[in-house]
Structure formats: C-alpha cells, structure tokens
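As structure tokens, the structure follows; a few thoughts come after it.
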Amino acid sequence: MITMEDIIREGHPALRQRAKKVEIPISQDVKDLGQEMMTFLVNSQDPELSEKYDLRAGVGLAAPQIDQGLRIAAVHIPDEYEDDSPIFSDVLINPIIKRQSVKKAALPTGEGCLSVDREVPGYVARSKRITIEYTDLNNQVQKVKLNDYSAVVVQHEIDHLNGIMFYDHINEEDPFYLDSDTELLEFED
Ligand code: FHF
Ligand code: ZN
C-alpha cells in the first residue's frame, strides 16, 4: 500500500526529471502500480482511512512522486468538484494534451502538492479546457475533454511527468497577479 512515506518531497532530483514513456500493452507491474496509485487517492479521500494511515487528501498522484520515472498519473476528482461533467477518475498512461484553450483558469486557493510540505501562495494559471489522450489500465486509448477543476488537476499531473512543479508557474513579482484571460474558479460547496 502506498502511504506518505513513499512520496518523495521537493529537493529530490527525481521530481525534476522527465518521466519515460510506458510500453503498450502495459505490463502487469504497470497495471499494479496504476491500481496502487488510484487506491492511495481513494483512501486519502476517505476520512477513516486517511486518519488511520495519516494520508494527506489528494486528487492526483504522478508516478515520479513515488520515485517511479514513468509517464503514469492517477486522478480521482471527488463528486462535488464537478459541476456539469461526470466525475473524472482514471489512471492515465502516457497522457498527452491534444488541445488546450487559450482561456486560462486558476484555483482561488492556489495549488498544493503531496511532494511540497509548505504553503506556496499564488495563482497558477492553466488552460481552462483541455482535450487529453491516454491509454488506460485496460490498454484502451481514451480521448477525454476536461474543464475547470479536473483540467487543472490533470495539467498539474502532466507537469510532474515533465519535471515541472506548480510553483514554477507563479508570477514572482506578484504571486496573485491575474492575466485578463485568466478566470478565477469558484470555491466549491
Ligand atoms: C493534491 N490536494 O491532490 C492536493 C494537495 C491541483 O501531483 O487538492 O501533488 F482531496 C499531485 C477535494 C479537494 C478533495 C481537494 C492539483 C493538486 C494535486 C496532489 N485535495 C487536494 C481533495 C483535495 C495534489 N499532487 C494539496 C495535496
Ligand atoms: Zn503534485
């Protein structure tokens, strides 16, 4: 089972490396790894299990964060964070962004990261809408359109596969500067 002890923190060089493509069809090891990553997210969002195993609640996890330099990311968005679209939950192998909107969106709280044990204030402007393509754990190619919260999370995960941290995107002079084509997303509930 993946716990916080398995998650590497900033300063570890693996977080700055480009992860390698996964061979398709995927091996049993990759399938197991992807399933473990998804289980971590589900457990971390469960009040009892997160308390029991001392897990920080997460909506995404990229393989480099557990020191596996492979292009694999798990995403599990809780229900209440999806307005119109159905909830997005999947393991993404070799994800690529096929299309991205010019219009940007940023979370009002800024972002955090399981590999960053400090608050980093500031807005992270990301594409508001993306179309991604990836292979799932059943070796099926999926093409999915995402917007707002789920698009932000997936872009945060794909950044990890490329050695990019969320704070690389924060404006140094004015962390809360908002571009005219960046929408501040609303708080949930
Ligand atoms: C998180 N947690 O999942 C953050 C961190 C924007 O690469 O957002 O580092 F669990 C992956 C509802 C709302 C339920 C929020 C992408 C953030 C990705 C994980 N938690 C949440 C929830 C959360 C990171 N990460 C603060 C841990
Ligand atoms: Zn992260």
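Remember, it's 1-based here, ligands and their atoms both numbered in the order they're listed. As a basis for the values below, the full set of heavy atoms in this structure was taken, side chains included, without hydrogen atoms, waters or symmetry mates. FYI, the numbering just counts along the sequence from 1.
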Name of the His156 N, O or S atom nearest the Zn ion (ligand 2)?
NE2
So with a 6.0 Å cut-off around OH of Tyr167, is the heavy-atom count from everything else above 12?
yes
Just jot down the ligand 1 atoms closer than 4.0 angstrom to any heavy atom of Glu157, in number order.
7 (O), 11 (C), 18 (C), 25 (N)
Given Gly58, Gly112, Cys113, which one has a non-hydrogen atom that is nearest to atom 17 (C) of ligand 1?
Gly112
Closest heavy-atom approach to atom 3 (O) of ligand 1 among Val153, Leu55, Val59 is made by Val59
Side chain, backbone, both or neither: the part of Ser44 lying under 4.0 Å from ligand 1 by heavy atom:
neither
Compute the shortest N/O to N/O distance between Gln65 and ligand 1 and return yes if it is under 3.5 Å, no if not.
yes
Counting both backbone and side chain atoms, is some N or O of Ala62 under 3.5 Å from an N or O of ligand 1?
no
Only residue of Gln65, Glu10, Arg9, His12 satisfying side chain to side chain donor-acceptor pair (under 3.5 Å) with Ser115 is Gln65
Look only at interatomic distance and state if His160 has a nitrogen or oxygen under 3.5 Å from any nitrogen or oxygen of ligand 1.
yes
Can you list the ligand 1 atoms lying under 4.0 Å from a non-hydrogen atom of Gly60?
3 (O), 11 (C), 19 (C), 25 (N)
Could you tell me whether Lys104 and Glu183 make a salt bridge, using a distance below 4.0 angstrom between a side-chain N and a carboxylate O?
no
I'd like to check whether Leu114 has a polar contact with ligand 1, where a contact means an N/O of the residue lying under 3.5 Å from an N/O of the ligand.
yes
